[in-house]
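Residue numbers begin at 1 in each chain, while the letters A, B, ... track the order of the sequences.
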2 protein chains.
Amino acid sequence: MNKENNCPLHYTMNLIGTKWKPLLLFHLLEGDLRSGVLQKKIPEISNKMFTQTVRDLEKDGLITRTIFPVVPPKVEYGLTSRGQSLEGILRSLDKWGLEDCKNS
Amino acid sequence: MNKENNCPLHYTMNLIGTKWKPLLLFHLLEGDLRSGVLQKKIPEISNKMFTQTVRDLEKDGLITRTIFPVVPPKVEYGLTSRGQSLEGILRSLDKWGLEDCKNS
DNA sequence: CCGCATCCTAGACGATACTG
DNA sequence: CAGTATCGTCTAGGATGCGG
């Protein structure tokens, strides 16, 4: 478990509970994506936050980052099995948001 | 839907994606709780954040706040139906954290 | 018992400009 | 095309103490 907290729920939130992480992961559920393509799926994200978030996710072992040594540069992102295991949560979050809108 | 964003997932995260909100909601799944009791379920939370978070949740219609006009003061919190509808998500987050710990 | 007010810090987030 | 660097803002969050 983690250091400061012994609650599984909190532990999960510490991993994916930021503004952009769930969104990035969600889009990768459909399959691996080039950096530019992934970023364009979320037009509102700044370049900085994209890179930073993606690096965090890689560090935590939720996504992979593959660099192709070609010109122009090519980088692809994909889910690890650990990242893939979040699918249920991500789809629940998406679905709930959808449902909730209809009722408000 | 919300203003700045047209993504359901993001919409949900905006509602419950803070440090303490999911935790508070999770504990209320078991039933209504007095303020002090609820707060003691999360020893690490500061008094300020407890009040602030609970007010946010009330404002968003996820929990109810009932004041009993007695001395000493008594306040109870409980889930609204909208809050209750988050149960699936909350339990998923908890369950995932539990599973993930075992594998790491 | 419950909550409010205040002061404070860390870091999340954004805009812009620049490199291989 | 992909990522870095820098600078700036804003808010989440914490510590402490007061008041009904």
Students should find this one: the first and last nucleotides of DNA chain C, 5' to 3', lying under 4.0 Å from a heavy atom of chain A. What are they?
C:dC13 to C:dG20

Would you confirm whether B:Thr12, through its side chain, and A:Leu93, through its main-chain N or O, come within 3.5 Å as a donor-acceptor pair?
yes

Roughly how many Å is it from CG in B:Asn47 to P in D:dG14, rounded to a whole number?
12 Å

Is a side-chain N or O of A:Thr80 found less than 3.5 angstrom from the main chain of A:Thr64, in a donor-acceptor match?
no

For B:Lys41 and B:His27, indicate whether the former's side chain and the latter's backbone hold a donor-acceptor pair under 3.5 Å.
no

Does B:Lys19 put a side-chain nitrogen or oxygen below 4.0 Å from OP1 or OP2 of D:dG14?
yes

Does B:Pro73 or A:Phe50 map to a spot on DNA chain D nearer the 5' end, using the closest nucleotide for each?
A:Phe50

Expressed as a whole number of angstroms, how long is the span from B:Ile16:CD1 to D:dA12:P?
16 Å

Can you measure B:Met49 atom CE to D:dA15 atom P for me and round it to whole angstrom units?
12 Å

Donor-acceptor pair, B:Ser92 side chain versus A:Ile89 backbone, under 3.5 Å?
no

Starting from P on D:dG13, measure out to CD on B:Gln39 and report it in whole angstrom.
15 Å

D:dG3 OP1/OP2 closer than 4.0 Å to side-chain N/O of A:Tyr77
yes

Does A:Arg65 place a side-chain N or O at less than 4.0 Å from the phosphate oxygens OP1/OP2 of D:dG3?
yes

Which nucleotide in D:dG14, D:dC7, D:dG3 has an atom nearest any side-chain atom of A:Lys48
D:dC7

Using modelled atom types only, decide if a donor and an acceptor are shared between the side chain of A:Thr53 and the backbone of A:Trp20 within a distance under 3.5 Å.
no

Candidate nucleotides D:dG13, D:dA2, D:dG3, ranked by approach to the side chain of B:Thr18 - the nearest:
D:dG13

List the steps and the verdict of side-chain contact (heavy atoms from CB on, under 4.5 Å) for A:Leu86 and A:Lys21.
CA-CA 12 Å; A:Leu86 285 164; A:Lys21 283 182 182 178; over 6 Å; no

Measure the distance from NZ on B:Lys21 to C1' on D:dA12 and round it to the nearest whole Å.
11 Å

Mind calculating the distance between CD1 (B:Ile45) and P (D:dA15) to the nearest angstrom?
12 Å

Go nucleotide by nucleotide along DNA chain D from the 5' end; which of A:Val75 and B:Thr53 gets its closest nucleotide reached first?
A:Val75

Write down the distance between CG (A:Leu38) and P (D:dC1), rounded to a whole number of angstrom.
15 Å

Send over the distance from A:Lys74 NZ to D:dA2 P, rounded to a whole Å.
9 Å

Does any pair with a residue in residues 67-89 of chain B pass salt bridge (Lys or Arg N to Asp or Glu O under 4.0 Å), and if so which ones, sequence neighbours excluded?
A:Asp100-B:Arg82, B:Glu87-B:Arg91

Tell me what A:Thr51 touches on the nucleic acid: a base, only sugar-phosphate, or nothing, going by heavy atoms under 4.0 Å.
base

